[in-house]
There are 2 protein chains.
Amino acid sequence: MMQKSPISPQDITIYDVAREAGVSYSTVSRVINNKGVSADKRERVLRAMAELGYVANLQARSLAGGKSHIIGLLVHSLSIEYFDEIARGVDDELAAISYDLMLYTTHRRKGRESAYVAKVTRNLVDGLLLVLPRNAEAYLQALGHRRFPHVLVDHQGLGFDVPSVGATNQQGGYDGTSYLITLGHRRIGFITGDLTLGCARDRLAGYHEALSDAGLPADPALICEGNFLQPQAFSCANELLNLAEPPTAIFASNDVSAFGVMEAVRNRGLRIPDDISILGFDDISQAAQVHPSLTTVRQPLAEMGRAAARLLFTYINQPDAAIKQIVLPTELIIRQSCQPPAKSTLA
Amino acid sequence: MMQKSPISPQDITIYDVAREAGVSYSTVSRVINNKGVSADKRERVLRAMAELGYVANLQARSLAGGKSHIIGLLVHSLSIEYFDEIARGVDDELAAISYDLMLYTTHRRKGRESAYVAKVTRNLVDGLLLVLPRNAEAYLQALGHRRFPHVLVDHQGLGFDVPSVGATNQQGGYDGTSYLITLGHRRIGFITGDLTLGCARDRLAGYHEALSDAGLPADPALICEGNFLQPQAFSCANELLNLAEPPTAIFASNDVSAFGVMEAVRNRGLRIPDDISILGFDDISQAAQVHPSLTTVRQPLAEMGRAAARLLFTYINQPDAAIKQIVLPTELIIRQSCQPPAKSTLA
DNA sequence: CCTCGCTTTGCAAGCGCTTGCAAATTGCTG
DNA sequence: CAGCAATTTGCAAGCGCTTGCAAAGCGAGG
């Protein structure tokens, strides 16, 4: 038999630990898995493991029917800070229970979701976290069919009843808009996110709701469809600013879009917030770093990641736990990009 | 024996494939591993695999002494687009050889590099890619000791002779500076990166070299120590702009820093590039998206990732392949953030 | 002091795969 | 067409672990 690689000779197995501790290998296994073992033996095993520097072999573990102690995280991309924040939360939580993270980016296997899921689930991970998947239904079907532990992040409003973690997007849209109204703005531009996503639609709904609650008209010209990306927001902002009666504030559906707005505004020599107020959504780290710092609706991304990891973990350990949908609160973070409109149109 | 999870019943193994194809299971294994098998049997096995939808069980594979077909990627963080670009390149290359990616972020296990490496190497991956590791020596020692396939990305100038992939940082610094000089700039500010990193030092060296080749004085006041992050660059830029005789151009050691400079410049009501030229380094995607678009020294990050993956792959398959250090060329990307200085000081 | 039920322990089997070894098959050569 | 080397093939073992099962240990009730 070939050694897997010319790895260092002292690869410690449970047999070594068992010998050192003077117990049987199954006892060692039971210690590792927290099964019933008498206190003194457990003690001895633990000491032996520490002395020998034992490291569990995950593949053997999961082959033998145990857990692999790895969960999969499915995202589109990583460069978007949004994903990274979530990943960070997940990672934190996993570190606490010494799980590892296997990262899958979807872009490379478009349209083959179920084959993909088959591969993933069969191979390695104990559970799967899907962040804002493009084709959730296809995944879910494959996953559900295999009864495989999974949790969706930021993907509410599905027909299915599916374990998920999200944020109060509509409330966030409402709060942001209301804040601008309170400041005295009457014409508030809105740049949507990718409207195929529920979170984008919810934010827009919140905007409408706030307007209507304040008795303000909803001018369709003030709404421009974006896609959560900076260049699109840049042109949306230009469109809005070109209006005969331009808005005095612009609410962008995410921070990245807000940055695009800031660019467009400055490009015309307008000042922020003196000439126009800008509001974002998400509160990615850059929001606090730009000048002026961006007032935004904070979405607790890392916290969502943590919650999702915890939830997934329950499903891993109790496959029949009830399906839960966690919704975390958004929060308005007031910084410096908004102020009352210059020529106040206060009624 | 417990099934690993309540997974779908039809989990196809090589035995099933063997039965279907009418051959022995070892023949199936040999087909999978491209060992010598007669053409007709290979054919039959392949067809059977396709029909049954066979998916290899990676843990069994690697337990049995084969490859796991997973490589590890070690990065600090993901939010930084720099890392993501590299990861994308790696991922592309791996997709081509149907390898998977296991992601490790270092922040959570500070100072325990060798224990960490022990765990990683022993557990899962066939090889490890280290991107700009903070404590390369510690990792390398552990890795080398285990003779474990690994490649460093963007970490030249090490005492060791180590497999690595990098870019021509000094040349890039030289080219960028020379470009500004050609444009007519004489006082060129420079914001360094984190000088504990070789790439940052190299870029600075290129700046110095270009200045000296052009017979220009090196004014230390024009050099400000940054850390590759936006806020620090913002204050550096302010410092530079406060000089009695401020620079007419600022060369930032990465694009993110250049964005910080742009902010600082605009914050004072100066225009880019009319009042001051700005040059970046890296060419992350945002560089093309900001306004004005950023002239920058392109570092082929994705290509570096690909090259690193390929190199690692050779080491995985030929543990004794010669240690290779690949250096990819940088390239000046001219966009709109630079132009000749306003009050030209052409000699 | 024996017996019963509970917990702790050890043994063996097996997870799905790779690969050394030996047997079977093939293709040549003389 | 026998005889030999070079393939191709199958069998069995084993990678490191978990866990069912049965044996052993233990305290308490009779």
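Letters A, B, ... mirror the listed sequences (proteins, then strands); counts begin at 1.
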For nucleotides 24-27 of chain C, print each protein N/O atom paired with a nucleotide N/O atom at under 3.5 Å, atom names and distance only.
none

Can you pull every protein N or O that's under 3.5 Å from an N or O on nucleotides 5-9 of chain C?
from  : atom 1 : to      : atom 2 : distance (Å)
C:dT9 : OP1    : A:Ser38 : OG     : 2.7
C:dT9 : OP2    : A:Ser38 : N      : 3.0

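In the interface, the side chain of A:Ser29 is not paired with the base of D:dC17 through any donor and acceptor atom under 3.5 Å apart.
Between the C1' atom of C:dG10 and the OH atom of A:Tyr25 lies a distance of 7 Å, rounded to the nearest Å. As rounded to whole Å, 13 Å separates atom P of D:dG10 from atom OH of B:Tyr15. Atom CG of A:Asn34 is separated from atom P of D:dT18 by 12 Å (rounded to the nearest Å). Rounded to whole angstrom, the span from the CD1 atom of B:Ile32 across to the P atom of C:dT19 amounts to 11 Å. What separates CG of B:Leu58 from P of C:dC17 is a distance of 10 Å, to the nearest Å. The nearest whole Å value for the distance from the NE2 atom in A:His69 to the C1' atom in D:dC17 is 12 Å. Rounded to whole Å, atom P of C:dC17 lies 21 Å from atom CZ of A:Arg61. The nearest whole Å value for the distance from the CG atom in B:Asp16 to the P atom in C:dC15 is 12 Å.
Residues satisfying the side-chain contact (heavy atoms from CB on, under 4.5 Å) test with B:Asp40, not counting sequence neighbours, are B:Ser38, B:Arg44. In terms of the salt bridge (Lys or Arg N to Asp or Glu O under 4.0 Å) criterion, residue partners of B:Glu43 (sequence neighbours excluded) are, by chain and number, B:Arg47. Residues passing the side-chain contact (heavy atoms from CB on, under 4.5 Å) test with B:Glu93 are B:Arg306, B:Ala309, B:Arg310, sequence neighbours excluded.
Residue B:Lys35 places at least one side-chain N or O under 4.0 Å from the OP1 or OP2 atom of C:dT19. B:Asn57 has no side-chain polar atom (N or O) that falls below the 4.0 Å cut-off from OP1 or OP2 of C:dC17.
Side-chain atoms of A:Tyr99 never come within 3.5 Å of backbone atoms of A:Asp91 as a donor-acceptor pair (strictly under, hydrogens ignored). No side-chain donor-acceptor contact under 3.5 Å links A:Asp126 to the backbone of A:Ile71. Here the side chain of A:Tyr315 pairs a donor or acceptor atom with the backbone of A:Ala322 at under 3.5 angstrom.
Annotation for A:His69 and A:Ser98: closest pair ND1-O, 3.9 Å, computed over non-hydrogen atoms.
Annotation: of the two residues near DNA chain D, B:Leu63 and B:Ser26, the 5′-most nearest-nucleotide partner is B:Ser26.
With the end axes of the helix from C:dC1-D:dG30 to C:dG30-D:dC1 each set by five pairs, the angle from one to the other reads 50° at 10° resolution.
Side-chain contact between B:Leu152 and B:Tyr139 is absent, with no heavy atoms from C-beta onward closer than 4.5 Å. The closest side-chain heavy-atom distance from A:Val131 to A:Tyr82 is below 4.5 Å.
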Might you work through the side-chain contact (heavy atoms from CB on, under 4.5 Å) test for A:Ile86 and A:Val75, ending with a clear yes or no? CA-CA 10 Å; A:Ile86 292 175; A:Val75 299; over 6 Å; no
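Between A:Arg88 and A:Asp92 no salt bridge is recorded (no basic side-chain N to carboxylate O distance below 4.0 Å).
Side-chain atoms of B:Ser26 and B:Ser29 include no donor-acceptor pair closer than 3.5 Å.
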